[in-house]
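Okay, so here's the structure we're looking at.
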Amino acid sequence: MNSDLRELYQEVILDHNRSPRNRKRLDQPTSQAEGHNPLCGDNVTVYLHSDGGMVTDVAFEGNGCAISTASASLMTEAVKGKSLAEAESLFREFQKMVTTPGEDASHPELGDLEVLAGVRDYPVRIKCATLPWHTLHAAISGVNEKVSTE
Amino acid sequence: MSASLTHRKQLDIAKIRNDFEILSENANGRPLVYLDNAATSQKPRQVLEAVDAFYLHANANVHRGVHFLSQKATTKYDAAREKIQTLLGARGPEEIILTKGCTEGINLVATCMSSPNSPLGSSERRQPYLGVGDEILLSNMEHHSNIVPWQLAATRVGATVKVIPITDSGEIDLDAYRALLKSGKVKVVGIVHVSNSLGTVNPVREMARLAHEAGAIVIVDGAQGGPHLRVNVQDLDADFYTLSCHKLYAPTGVGVLYGKKQLLEGFPPYHGGGDMVRTVSFEETTFAPLPAKFEAGTPNVAGVIGLGAAIDYLASLGAGETLAARLDSAFEKIHARERELTEYAMGRMAEIPGLRLTGTAPGKAGIISFVLESVHPHDIGTILDGEGIAIRAGHHCCMPLMARLGVPATARASLAFYNTTEEIDALVQGVYKVKDMFDREAAPAARR
Ligand SMILES: Cc1ncc(COP(=O)(O)O)c(C=O)c1O
């Protein structure tokens with residue numbers, strides 16, 4: 001097996017793909033958003049429950065490749081219990097990590113999410129990794145809208 | 001290699017592979033195994049040389065100049081159209097419209113059928129061929145390019161698109177098709193000759209006969225038919241037939257629309273511009289005869305000349321006195337070769353545990369789509385790519401078909417006559433690697 005591929009499909013990613021965390025529908029989410037990757041036709045729905053600016057629960061549904069499934073699964077673990085602002089900042093950091101080619105800097109603030117760094121060497125797969133995050137971002141923006149109209 | 005591949009009338013594959021230099025490239029440090037021919041085929045050196053020679057020695061605009069080069073370019077360009085006529089078995093060169101691709105050909109037909117035809121400057125205004133309540137039948141396995149133009153046309157005139165269902169093996173449900181034709185409202189039937197996802201070769205001649213009995217016009221999407229079959233539009237009795245020439249060993253940016261002369265003559269023009277007119281004034285413009293009427297503006301001259309060279313190349317694989325005879329004999333060999341490869345590939349793929357072939361119609365072309373139980377097609381594509389193997393993963397521009405199959409996407413290996421059984425073995429090995437990585441339970445003993 002090509003060693004670069006081992007780098008991409010790390011054990012943690014394969015594990016999250018096999019048994020995704022928080023893959024379920026949330027009853028009465030504060031908001032939800034749907035993401036779509038037109039290249040592969042993959043869909044993801046992110047359900048968000050927030051309270052007082054905090055992510056109290058987050059889950060996802062959808063069928064995608066190992067990269068997008070693992071990314072969604074890892075994302076839910078990373079943002080649960082964080083503030084909405086922290087979640088948004090993780091999104092920006094994550095995006096930076098996977099879109100900066102050849103960058104070997106470590107990203108301690110990203111924790112487990114760092115296992116997805118290998119995606120940056122596969123330009124056509126970057127969207128798979130960022131799709132759940134864009135969808136979360138849309139869900140958070142939905143919350144903000146709601147918040148602002150209250 | 002199996003004994004049946006050493007057949008008397010066989011292609012010289014080693015020689016052919018030399019003509020396609022790209023096949024000896026490496027990809028990701030491994031020898032390239034190119035199995036994405038349905039997306040686009042590779043081009044033989046002879047085609048590239050013809051394009052080069054045009055730019056080096058004959059470059060000029062066509063149909064416009066009295067000078068030496070323009071005449072030279074025009075001669076080559078017009079000669080290519082006659083070769084296409086022979087390739088498709090059309091009655092005359094005026095039935096061959098050069099487009100930029102299969103997609104443009106279908107859009108031309110759908111747009112013209114849903115537009116009023118009113119000779120400029122005259123008060124006569126003929127209604128569009130399609131009208132309110134008319135029905136357009138499209139099969140469930142159509143490419144988006146034979147769906148969306150019809151949806152646009154239907155919206156324009158208030159017509160309805162209806163779906164011809166398919167069976168689980170990926171074949172047209174002919175009984176359902178007959179029943180749909182009974183409505184008495186069907187004006188157009190759109191059918192893909194060879195499915196780009198399933199490889200199914202559809203019974204186009206029979207479907208055209210039934211459509212004509214019901215008073216409908218038939219457009220055949222031949223994007224995948226052209227490369228694999230010896231097409232004869234008169235024998236099929238197709239009213240329209242489209243080609244995507246980059247899949248037919250020619251350069252990108254060239255397509256063909258064959259249309260019956262009488263139908264094309266009844267159409268309004270599609271694009272307006274230079275070359276498609278006889279006289280222009282602000283009061284009245286008259287249009288050029290076929291095929292120029294549908295070829296506004298400077299065409300892809302080099303690409304069309306490349307297409308002519310591709311047809312010559314294919315013909316050179318056969319023998320005979322005339323171009324038509326050489327193409328007959330070449331396609332007989334191509335077909336035999338692709339059948340062997342397809343049967344070999346289908347057999348070997350079917351042995352892989354947990355692999356499901358989507359599209360198992362008898363006599364199918366070398367387009368092999370599959371899904372693995374626990375691995376998404378995109379991951380299959382990436383891992384095979386790491387092995388130098390190019391396949392396509394996705395919905396193949398057939399989202400309604402994916403919905404019918406109940407999958408978001410498939411992995412697809414598509415063959416050309418230059419592929420080898422060794423390359424299919426590499427694919428099979430690659431799929432086992434994918435499985436090893438993803439399902440730890442996969443017994444290594446299952447591997448060859
Ligand atoms: C069956 C079929 N129809 C239509 C097309 C569209 O061809 P093009 O994109 O070259 O116009 C394709 C190619 O992808 C195809 O496979």
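If you're wondering where the values come from, they're calculated on a predicted model, not measured in any experiment. Letters go in sequence order (proteins before strands), and every chain restarts at 1.
No donor-acceptor contact under 3.5 angstrom links the side chains of D385(B) and Y122(A), judged on distance only.
One distance of note links CG of L5(A) with NZ of K433(B); it measures 10.0 Å at 0.5 Å rounding. To the nearest 0.5 angstrom, H376(B) atom NE2 is 6.5 Å from S68(A) atom OG.
Enclosure of atom CG in N26(B) by more than 12 non-hydrogen atoms of other residues, nucleotides or ligands within 6.0 angstrom is indicated. Residue E109(A) places its CD atom among more than 12 non-hydrogen atoms of other residues, nucleotides or ligands, all under 6.0 Å distant. Under a cut-off of 6.0 angstrom, the local environment of CD in E93(A) is crowded, with over 12 non-hydrogen atoms contributed by other residues, nucleotides or ligands. Dense packing is recorded around NZ of K80(A), with more than 12 heavy atoms of other residues, nucleotides or ligands lying under 6.0 Å away.
Closest approach of H378(B) and R125(A) over heavy atoms only: O-NH1, 3.0 Å.
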